[in-house]
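Encoded as structure tokens, the structure appears first; notes follow it.
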Amino acid sequence: MQIPGPDTRVVELRVHGILGTTGDELTDAVASVDVAGDGIGRIMRPADRLRRPVPGPMLSAGDRSVPRIVEGYVWGGMTSGGLAKATWALLFPFALANMAHWMLPPARTGNPISTALSSVLRALLRISALLLTMLLVAQLSVVTLDLVAAQCLGPGVPCMEFVPDAIRSIDILRASAALLPVALVILLMHHLSTVSWQVSAPKTDKPQHSSRAPMLPGANVVADPDTPVLRTLHVIAALSTVALIALGGPFAISADPRWLIAVALLIFSLVGAVALDDPAGMRPSGKEKALRITLGRTPRRALMTVASLLLCSVALFPGQLTGPLPGSGGTIDAITGALVITCLAVAVLLAPAALLARPGWKTCPPRLRPWIGGWMAAPVLMLACMLGNGFGAGLGLSVARALGASQEPGAPVLTLPAAYDDVTIFWGTTAVLLLAAGIIGTPWMLLKRWRAGRGDGDGADGTVGTDDSIPDEVALLHAGRPADQRAAANAWKWADLQRRYSHLVLLVIAGVLAVSTALTLVARVSELPGFTWLIGVGVAALATLAVGLLRMVYLAATKRDTARYLGVLCDLALFWPREAHPVVPPCYALKVIPELAARATEHLADPNTRVVLVGHSQGSLLAAVATARLLESLPEADRERVGLVTAGSQLQWAYPRAFPGVVPHASLRDLAGALGGRWRSLCRGTDPIGGAVTTWNRQVFDGMLIGVGLRADGTEGPLPAATRGPTGALVLGGDHWLPDPQRGPFSCRRWVPGVLGHTDYSGDPEWDRAVAMAAGLESPVRGAALPLQPQTPTPAQAPATASAPKTPHLTAQGGDGGSLTETIEGLTRPKADADEPEAAREDEPERTTAAVPRQQDSKPRPEPSVLPEITEPCGRSAPWERGMALRASER
């Protein structure tokens with residue numbers, strides 16, 4: 001580690017999380033100005049009244065102060081703001097299908113079966129994404145070409161009577177007017193898939209296959225060179241689907257050359273989607289190279305031209321547009337059936353793929369392993385298909401009811417394809433089952449919360465606080481502050497329940513979708529009258545979905561608050577590059593990560609500068625990946641000047657478990673080893689979104705917070721007992737557990753009362769200390785563990801006359817509310833012992849235990865009858881740290 005000199009300064013480069021933020025909020029300033037960036041990715045600093053950049057507050061590091069520069073990277077404008085970005089919510093099913101690709105378990109190196117399964121799963125996801133595009137276009141075509149042009153605008157039909165009869169009698173005009181909006185939607189999707197954020201930083205990422213687990217977090221989050229080819233296949237399939245609906249559908253075999261061309265283009269699109277399986281361009285030879293040559297720029301343009309001419313021929317020669325089109329039902333049935341088959345195939349094949357990948361995480365504790373054993377991609381894909389099918393069907397049903405309401409009595413009824421009845425039954429069953437799951441699940445969660453509130457609170461050593469409903473960690477963190485203990489206890493338990501069971505919502509949805517699909521197939525085959533009432537429920541659910549989504553888009557385009565909350569969906573789904581579905585908004589991670597690394601590199605050009613990347617919530621993922629990229633590009637000497645601070649992060653309980661092939665646990669361990677103890681994580685037990693990052697299996701043992709976690713040498717295992725910071729935070733490994741509510745008020749610092757949860761981490765005084773430690777300017781102080789209650793002496797050590805111990809208390813000193821007026825031992829020692837001479841206390845052997853802390857849900861081990869004498873005071877070190885002393889005393 002480089003020794004800090006007199007000219008050392010620290011650059012604190014912050015990254016915000018979801019919901020976006022302003023530069024003022026990110027830099028904790030009353031005003032801020034841009035100092036770099038391109039207006040989309042903005043790097044901002046605090047400013048004075050003349051809007052001039054000013055340095056941040058001095059950073060206290062031990063017994064000295066170090067100059068600090070605070071900068072914030074604002075990226076919220078990439079995902080929210082304006083009508084165009086509000087309409088991205090309509091493509092949310094596509095984004096979910098694309099995200100499901102990144103949730104696949106990694107392929108096991110050297111195992112051909114695992115590699116083959118991984119390739120098949122990626123191909124199935126690309127086919128599912130292609131079918132979603134075809135389904136959306138087909139449903140729009142049913143609305144415009146079938147429902148409006150062929151039925152409502154037919155000659156003599158009393159519907160939309162403002163349209164003159166001259167137009168109704170010309171089929172070409174009706175077909176052209178109906179196909180124009182569909183063509184515009186396809187053109188818009190093509191344009192959106194070509195948009196990418198311009199990166200104002202040199203390219204430093206290396207190609208890495210997305211199916212292989214990276215060495216460092218997010219190393220395989222790179223742009224896919226096959227995206228242009230995949231985009232072309234989606235456009236060709238969409239145009240061919242529209243033509244096929246007008247030409248009779250896929251089951252009406254015809255000698256019409258246009259029908260043959262449409263079927264050939266669809267087959268070509270499906271085969272091409274299966275063959276594109278080199279997302280990082282790592283194999284430039286072989287079939288991938290031949291495929292790229294075949295689908296080069298000129299061939300792609302030729303294919304899209306043929307597909308466009310095919311659509312134009314359908315508009316010019318549409319055939320008979322009288323009554324419902326026979327091709328609508330067959331096309332919708334074929335696409336929906338193919339989607340069901342692919343989802344089922346993904347769900348089935350994902351099970352053995354996850355089992356083969358299990359050796360990569362089987363040594364992890366159960367609460368760190370991937371959700372459902374790595375099977376989470378299946379329910380996410382099912383959810384994407386359900387939303388995609390439901391929105392299009394809801395739009396068609398809404399339009400049909402609106403047009404039917406304007407007709408005169410006795411007019412022909414506007415009919416949708418029979419496949420829409422299946423969709424309504426499916427959604428009706430889904431709505432009923434989800435309602436039943438909510439009725440059952442809500443009391444279950446309340447019961448879990450109630451039982452957690454009545455928990456006995458036993459610690460690992462059998463000692464508890466005065467209130468059994470208060471967890472030991474809360475009692476230790478808020479020692480001497482009973483009001484704060486009561487305020488934090490309920491929030492701790494509720495936040496733990498949310499982090500532990502939130503993923504089960506997707507599992508419940510997957511089960512509901514599977515049951516709904518089975519019931520829909522039964523209803524389709526048996527045609528039982530008992531299912532008819534579900535159609536009404538499904539119609540209401542679909543109409544609510546379509547109208548609600550359109551209303552949300554409208555509000556997001558007109559109201560900033562709604563746009564921010566809608567942007568949450570984009571923040572979570574648009575982090576991932578286009579891999580399975582190209583028709584998704586551009587990935588902001590491909591811009592934010594290299595620009596963060598480039599900005600840090602600029603600051604590191606000064607040998608006296610140390611850079612600490614700080615990320616909150618979703619920003620912690622960006623900061624961690626940027627730090628990993630930065631460490632790979634820097635020489636060894638400069639890496640020691642890089643640190644990382646995460647706050648309210650999901651880098652342990654969510655991302656490694658949902659995306660084991662992108663942020664595996666092993667990559668976090670390697671990153672911690674590469675940083676050598678300069679990764680600090682701020683966490684609160686009251687935070688339902690963020691949590692611990694570098695530690696797990698925490699428990700209170702013998703008045704100490706102990707646990708297992710990531711070590712500075714790149715290994716993992718038992719950690720020294722937590723130490724207490726000057727503001728009351730407990731530091732265990734790299735995690736800083738913040739008191740919430742905060743201790744305070746603090747002098748000369750902003751103070752926020754009450755339980756904060758996921759918000760306002762930068763307002764905690766431990767923030768500056770974590771930054772100083774990440775910069776290598778400070779380290780945790782050993783021997784500051786605060787026990788829960790006085791140690792109970794053994795009978796041999798008990799005094800002859802027992803005196804009632806007084807309740808320990810903490811008092812404020814200097815107005816900061818966090819300093820301690822007594823030593824750690826004095827806080828928990830009975831008054832009678834505190835009055836004894838110091839020599840007498842030194843001669844008195846202190847009580848300890850030779851047992852290693854027990855795991856959760858295990859019975860405590862019996863204590864030995866004769867306790868060995870140790871030299872270190874109890875509460876200062878964990879039992880495994882006292883192993884040498886224990887073995888020496890036994891000799």
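Model, not experiment: these values are computed from the prediction.
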> Is a side-chain N or O of R684 found less than 3.5 angstrom from the main chain of G757, in a donor-acceptor match?
Replying inline: yes
>> Could you tell me if W767 and E12 have a donor-acceptor pair between their side chains, going purely by distance under 3.5 Å?
In response: yes
>> Do the side chains of D28 and R14 get close enough for a salt bridge, i.e. N-O under 4.0 angstrom?
In response: yes
>> Closer than 3.5 angstrom, by distance alone: can the side chain of S649 be matched with the main-chain N or O of T646 as a donor-acceptor pair?
In response: no
> Once you round to the nearest 0.5 Å, how far does CD1 of I43 lie from CG of D34?
Replying inline: 9.5 Å
>> Here's a test for you: under side chain to side chain contact (heavy atoms under 4.5 Å, CB included), which of H16, R42, E71, M44 qualifies with L26?
In response: H16
>> For Q742 versus D484, what's the shortest heavy-atom pair and its separation?
In response: O-OD2, 4.4 Å
> Counting distance only, does the side-chain N/O of W653 pair as donor-acceptor with the main-chain N or O of I689 below 3.5 Å?
Replying inline: yes
>> Distance check, rounded to the nearest 0.5 Å: M773 atom CE versus S779 atom OG?
In response: 6.5 Å
> When you look at V611 and T609, which way does the side chain to side chain contact (heavy atoms under 4.5 Å, CB included) test go after all the steps?
Replying inline: CA-CA 7 Å; V611 176; T609 299; 4.3 Å; yes
> Which heavy-atom pair separates A774 from R678 by the least distance, and what is that distance?
Replying inline: O-CB, 3.3 Å
> With sequence neighbours left out, what residues match D735 under side chain to side chain donor-acceptor pair (under 3.5 Å)?
Replying inline: T694, T695
>> Run H665 and W696 through ring-ring contact (aromatic ring centres under 6.0 Å, His included) and show every step you take.
In response: CA-CA 12 Å; H665 175 75; W696 55 92; 5.2 Å; yes
> Given side chains that start at C-beta, do those of E473 and Q699 come closer than 4.5 Å, heavy atoms only?
Replying inline: no
>> Between W576 and V662, is the side chain to side chain contact (heavy atoms under 4.5 Å, CB included) condition met? List the steps.
In response: CA-CA 10 Å; W576 309 103; V662 181; 3.7 Å; yes
> Quick one: CG on L596 to OG1 on T627, what's the gap to the nearest 0.5 Å?
Replying inline: 8.5 Å
> If you look at every heavy atom in L732 and A721, which pair is closest and at what distance?
Replying inline: CD1-C, 4.3 Å
> Between D740 (side chain) and L756 (backbone), is there a donor-acceptor pair under 3.5 Å?
Replying inline: yes
> What orientation do Y588 and F575 show, parallel under 30°, tilted 30 to 60°, or perpendicular over 60°?
Replying inline: perpendicular
>> Tell me if a side-chain donor or acceptor on Q618 pairs with a main-chain N or O of G17 at a distance below 3.5 Å.
In response: no
> Given side chains that start at C-beta, do those of W679 and L651 come closer than 4.5 Å, heavy atoms only?
Replying inline: yes
>> With side chain to side chain contact (heavy atoms under 4.5 Å, CB included) as the criterion, how do L644 and V612 come out once you've worked through the C-alpha distance, each side chain's angles and the decisive distance to 0.1 Å?
In response: CA-CA 5 Å; L644 173 64; V612 177; over 6 Å; no
> Closest heavy-atom contact between D638 and V642?
Replying inline: O-CG2, 3.8 Å
>> Nearest 0.5 Å, please: how far is CD1 in I470 from CH2 in W492?
In response: 12.0 Å
> When you measure from the side chain of Q498 to the backbone N and O of P688, does any donor-acceptor pair fall under 3.5 Å?
Replying inline: no
> At their closest point, which heavy atom of V221 faces which heavy atom of R629, and how far apart are they?
Replying inline: O-NH2, 2.9 Å
>> Just to verify, what does D38 make a side chain to side chain donor-acceptor pair (under 3.5 Å) with, not counting sequence neighbours?
In response: K591
> Side-chain contact, heavy-atom cut-off 4.5 Å: Y73 with R599?
Replying inline: no
>> Ignoring hydrogens and geometry beyond distance, is a side-chain donor-acceptor pair present between T22 and D24 at under 3.5 Å?
In response: no
> Considering only heavy atoms from C-beta outward, does the side chain of V663 approach that of L668 to under 4.5 Å?
Replying inline: yes
> Please walk me through it: do R711 and E716 pass salt bridge (charged side-chain N to carboxylate O under 4.0 Å, His left out)?
Replying inline: CA-CA 5 Å; R711 296 168 172 168; E716 57 186 72; over 6 Å; no
>> If you define the side chain from C-beta out and look only at heavy atoms, does anything of R367 sit under 4.5 Å from N697?
In response: no
> Between the main-chain N or O of G661 and the side-chain N or O of N220, is there a donor-acceptor pair closer than 3.5 Å?
Replying inline: yes
> Would D687 and R499 satisfy salt bridge (charged side-chain N to carboxylate O under 4.0 Å, His left out), going step by step from the backbone distance to the final call?
Replying inline: CA-CA 9 Å; D687 187 351; R499 289 191 300 267; 5.8 Å; no
>> Using the rule given for side chain to side chain contact (heavy atoms under 4.5 Å, CB included), can you reason through V614 versus L13, listing the C-alpha separation, both sets of side-chain angles and the distance that settles it, and then say yes or no?
In response: CA-CA 6 Å; V614 184; L13 187 53; over 6 Å; no
> Between Y761 and H616, how do the two ring planes meet: parallel, tilted or perpendicular, split at 30° and 60°?
Replying inline: tilted
> To the nearest 0.5 Å, what is the distance between CG (D764) and CG (L738)?
Replying inline: 4.5 Å
>> Closer than 3.5 angstrom, by distance alone: can the side chain of R610 be matched with the main-chain N or O of P607 as a donor-acceptor pair?
In response: no
> Quick one: do the E766 and H736 side chains pair a donor with an acceptor below 3.5 Å?
Replying inline: yes
>> Is it true that S617 and Q650 share a donor-acceptor pair across their side chains at a distance under 3.5 Å?
In response: yes
> Do T27 and S32 have side-chain N/O donor and acceptor atoms under 3.5 Å apart?
Replying inline: no
> With a 4.5 Å heavy-atom cut-off, do L621 and V625 have their side chains touching?
Replying inline: yes
> Looking only at heavy atoms, what is the nearest atom pair of A600 and L613, with distance?
Replying inline: CB-CD1, 4.4 Å
> Any side-chain heavy-atom pair from P664 and P656 closer than 4.5 angstrom?
Replying inline: no
>> With a 4.5 Å cut-off on side-chain heavy atoms, are L368 and R657 touching?
In response: no
>> If we check salt bridge (Lys or Arg N to Asp or Glu O under 4.0 Å) with D48, which of these qualifies: R45, R51, R52?
In response: R52
>> Let me confirm one number: the CZ-CG distance from R64 to L59, rounded to the nearest 0.5 Å.
In response: 10.0 Å
> Is there a donor-acceptor pair closer than 3.5 Å between any side-chain N or O of R9 and the backbone N or O of I69?
Replying inline: no
